[in-house]
Structure formats: C-alpha cells, structure tokens
There are 2 protein chains.
Amino acid sequence: MQKDTLCLGLLSLGPRSGYEIKQMFEGPLSDFYSLSFGTIYPTLNKLQDEKYVSCKQLSQSKKPDKKVYTITKKGKDLMKDNLLGDASAYIRSGNFGDQIKSEFFLLLLFAKYLPQETLDTVLNERVLFLRQKLEQFKYDGPVPSDLQALRNEKSVAFIRGLATALIESGLNYMEKNRGKLN
Amino acid sequence: MQKDTLCLGLLSLGPRSGYEIKQMFEGPLSDFYSLSFGTIYPTLNKLQDEKYVSCKQLSQSKKPDKKVYTITKKGKDLMKDNLLGDASAYIRSGNFGDQIKSEFFLLLLFAKYLPQETLDTVLNERVLFLRQKLEQFKYDGPVPSDLQALRNEKSVAFIRGLATALIESGLNYMEKNRGKLN
DNA sequence: ATTATATATATCATCCTGATATAGATACCC
DNA sequence: GGGTATCTATATCAGGATGATATATATAAT
C-alpha cells in the first residue's frame with residue numbers, strides 16, 4: 001500500500017497532525033506497519049498541494065502549534081479507489097505474507113554462539129515484552145479521543161482478538177519449550 | 001543485526017553462493033528476515049576483500065558458474081564478536097518487538113471501504129497461504145543438502161515449533177471470527 | 001526458432017529510514 | 001534564577017536498502 005493511501009486512510013478516521021499519525025505508528029499500529037517522519041511530513045504536504053487534504057494551523061496552550069489535516073471529498077474518493085486497487089494487487093500478486101525483520105529470531109537462530117546467560121536475558125525480555133503487548137491488546141478502558149475512532153472500527157476488534165490469540169499461543173509455546181534451546 | 005554478521009552467520013552453516021543465500025531468505029527465512037541481491041552481493045565482496053570469507057569459482061553442469069563463499073577463522077571470530085554485541089544492543093535498546101510491514105493487516109483495517117467479495121477473497125487467500133506455511137513448517141522429510149545444516153540447528157527446531165503454534169492459533173481464530181468483519 | 005523459466009552475478013535509481021536541526025513549552029532540581 | 005531534561009511539533013537530509021533492470025548460460029516448452 002502506498003504511503004499516500006495509508007495516510008489518507010488514517011485521516012479518514014478523523015483529523016490529525018503528522019505527529020499524531022506518527023504516534024499511531026509507534027503505538028496501536030506498531031505491530032502491523034510503520035512510516036517515519038521523513039515520509040509522513042512530505043506525504044502530507046503533497047496531499048495538501050493536490051487538495052486531497054485540507055490543513056488548519058492550530059494554536060495549543062501548553063504545547064507548540066500543530067497542523068491538523070482533514071481529508072477532503074476528493075481525498076476520500078482517491079483513498080477508496082486506491083484501496084480497491086491495492087486489494088486487487090494483493091490478490092493478483094500471489095504474495096500473501098508479511099514483510100518481517102526480526103532481530104529476535106536472528107538471535108535465536110544463532111543462539112549457539114551466545115553465552116547461556118545472554119540468551120536467557122534475550123528470552124526473558126522478549127517474554128516480558130509480549131506480556132505487555134498482550135495487556136495492551138486486551139485493554140478495554142478509555143483511550144485518548146484521537147484513538148477512539150480506531151478503537152471503534154469493527155475490523156480493529158477482529159485484529160485485536162487475532163493479536164491476542166497469537167501472543168497467547170506464542171507465550172505458551174515459549175514457556176513450555178524454551179528448554180529446547182539449551 | 002548488520003548485514004555482514006547475518007551473511008557470516010549463514011555461511012557458518014556451510015559454504016554458499018550469494019544466490020543460495022538469497023534463496024534462504026526467500027524460503028526458510030522468509031518469515032523472519034530478508035536481504036536483497038543489491039545488499040547480498042556487495043556484502044560478500046566486502047567480506048572477501050577483508051578476508052572474512054574465501055571464494056571459490058565453481059563450474060556446474062547444466063547451470064552457470066557460481067562463486068561459493070566459505071567463512072574463514074577470522075570471519076567466525078568477527079561473527080561471534082558481532083553477535084555478542086548485537087545481543088547486548090538488543091537487550092539495552094529496550095525494543096523487543098519485530099519490524100513488520102503487513103499489507104494484509106492494512107487491508108483488514110480499511111475493510112469497510114472494500115466490497116464484501118474483495119474482502120472475502122483477501123481472507124480466503126490469506127488462509128490458504130497460512131495453511132501452506134503450516135505444511136512447510138511441519139514438513140519433516142528430506143531437504144536440499146545446503147539447507148540440511150539449517151534444519152539440524154537446535155534453535156531451528158524451537159523456531160519451527162513456535163511458528164507452527166502461531167499459525168495454528170491464527171488460522172483457528174480467523175475461522176471462528178471472520179464473521180466479525182461483516 | 002522463439003519464448004519462457006531457472007540459475008547466477010552485478011549495478012543503480014529511487015525511495016525510506018534514522019539522525020539531526022530547530023523551536024516552543026513545561027518541569028525538575030540545585 | 002539558570003541549567004537540564006523531556007515532550008510536543010515540524011522539517012530536512014545523508015546514507016543505505018530495495019526493486020528493477022541488465023547480462024549471461026542452460027534447459028524446456030511451444
């Protein structure tokens with residue numbers, strides 16, 4: 001999916017600044033996709049130039065000004081068109097996997113070259129990390145208003161449930177089988 | 001993990017060509033990490049210049065020549081040093097997650113903008129893909145000789161078991177809950 | 001004879017990331 | 001008060017990885 005479509009998609013959930021879009025990638029979307037500031041800001045400027053989004057400078061008390069972008073009708077049309085094209089391309093491509101770069105699995109792969117103590121720490125930290133993730137995906141309390149729209153999506157409920165199931169089975173496996181690494 | 005260390009690590013399993021390293025990333029490692037030709041070939045040349053690997057030109061019948069790289073003592077030392085440094089960096093970084101870019105999850109996220117039929121196809125293809133993956137991870141028969149070393153690693157048994165558990169729980173969840181997307 | 005496919009190496013433009021710069025504002029501490 | 005650290009916020013850019021492309025040999029298919 002191209003960055004334009006992705007940014008438009010996130011703005012379709014409600015007006016946001018570039019910084020807030022980045023926060024979504026660092027937070028609730030971090031396990032699925034990410035874009036850097038160096039991509040987000042130029043993309044928003046381009047989308048604004050081409051009238052796919054409008055921009056309001058917003059003064060805030062206690063914080064610097066921010067530029068809040070709102071998706072336009074033209075932007076929504078482009079987004080829907082592009083999403084349809086992306087879905088078709090995904091289907092046609094025959095490549096249904098995700099692009100993953102996992103430092104953790106590489107360290108596991110070469111575990112025999114690591115001191116037992118180091119490997120133990122790596123595994124312990126990973127387990128703690130996954131337990132935290134699990135809490136986050138299960139958490140059902142109030143969220144910041146700009147994330148509420150995300151939370152309300154039907155698809156997000158499905159995704160959170162899936163993530164929960166995956167993490168639980170992963171943790172379960174690791175607890176029962178980490179002895180195999182020794 | 002830097003590309004040098006990763007290539008050395010793969011060569012530590014046995015001599016290989018750049019093309020064969022790429023095949024590992026396309027095959028058994030595809031769910032964990034990947035490097036492109038544009039990274040692999042220059043890396044191997046650099047490692048050879050600095051005597052971390054040696055290179056033999058190999059004539060093959062029925063195939064073009066290939067350059068088979070073998071890790072040297074110096075290379076193994078560097079690899080072990082770097083792996084230790086990478087593990088320490090991983091622990092110190094506080095970032096224990098993986099870097100993921102998932103077209104599938106983005107399409108799910110924006111599912112409400114897709115026709116039901118398109119979404120169905122996306123999900124069906126993903127399920128078929130995961131079933132194939134599952135077969136691959138479970139498969140215990142003979143493998144090409146250059147992949148046997150990988151298969152023999154203790155850590156690989158652990159990783160394959162983990163991948164199997166994850167995929168099974170993911171498939172199970174999707175079968176039971178895909179109605180939630182409608 | 002031509003097209004397609006697989007093996008094999010190499011290079012390069014394009015694009016993205018990670019780092020850095022800048023800046024306003026708050027908060028803590030001595 | 002002054003120093004430092006942190007958070008919010010936007011922007012830019014060097015460096016590096018990817019995806020595409022080029023080249024070449026050999027087999028298989030049409």
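Since we're looking at a predicted model, the values are computed, not measured. Letters A, B, ... are given to chains in the order of the sequence lines, protein chains preceding strands, and every chain is numbered from 1.
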In whole angstrom, give the distance that lies between atom [atom1] of [X] and atom [atom2] of [N].
{"X": "Q23(A)", "N": "dT6(D)", "atom1": "CD", "atom2": "C1'", "value": "14 Å"}
{"X": "L58(A)", "N": "dA9(D)", "atom1": "CG", "atom2": "P", "value": "10 Å"}
{"X": "K46(B)", "N": "dG16(D)", "atom1": "NZ", "atom2": "C1'", "value": "12 Å"}
{"X": "L6(B)", "N": "dT18(D)", "atom1": "CG", "atom2": "P", "value": "11 Å"}
{"X": "K67(A)", "N": "dA23(C)", "atom1": "NZ", "atom2": "P", "value": "15 Å"}
{"X": "Q57(A)", "N": "dT10(D)", "atom1": "CD", "atom2": "C1'", "value": "10 Å"}

Check your understanding: Do the rings of Y90(A) and F96(A) sit parallel, tilted or perpendicular, given the 30° and 60° boundaries?
Key ->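 Perpendicular.
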
Exercise for review: Quick one: sort the F110(B) and Y113(B) rings into parallel, tilted or perpendicular, breaks at 30° and 60°.
Suggested key: tilted

Could you check whether [X] pairs with [Y] (Lys NZ or Arg NE/NH1/NH2 to Asp/Glu carboxylate O, under 4.0 Å)?
{"X": "R126(B)", "Y": "D98(A)", "result": "yes"}
{"X": "K46(B)", "Y": "D4(B)", "result": "yes"}
{"X": "D140(B)", "Y": "R151(B)", "result": "yes"}

Sugar-phosphate, base or nothing in reach of [X], heavy atoms under 4.0 Å:
{"X": "K22(B)", "result": "nothing"}
{"X": "G38(B)", "result": "base"}
{"X": "S34(B)", "result": "sugar-phosphate"}

Does [N] have OP1 or OP2 sitting under 4.0 Å from an N or O in the side chain of [X]?
{"X": "K3(B)", "N": "dA17(D)", "value": "yes"}
{"X": "Y41(A)", "N": "dT10(D)", "value": "yes"}
{"X": "K101(A)", "N": "dT18(D)", "value": "yes"}
{"X": "S17(B)", "N": "dT9(C)", "value": "yes"}
{"X": "T39(B)", "N": "dG16(D)", "value": "no"}

**Study point:** Side-chain donor or acceptor of R160(A) paired with backbone N/O of F137(A) under 3.5 Å
**Key:**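 At least one qualifying donor-acceptor pair exists.
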
Check your understanding: Is a donor on one side and an acceptor on the other found under 3.5 Å between the side chain of T72(B) and the backbone of K51(B)?
Key ->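 Indeed, once roles are kept as given, a pair shorter than 3.5 Å links the two residues.
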
Could you write out each protein N or O paired with an N or O of nucleotides 22-30 of chain D at a distance under 3.5 Å?
none

Review point. With nearest nucleotides of DNA chain C determined for E20(B) and Q99(B) from heavy-atom distances, which residue corresponds to the more 5′ nucleotide?
Key: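 The residue whose closest nucleotide sits nearer the 5' end is E20(B).
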
Review point. Which sits closer to the 5' end of DNA chain D, D65(A) or P42(A), going by the nucleotide each is nearest to?
Key: D65(A)

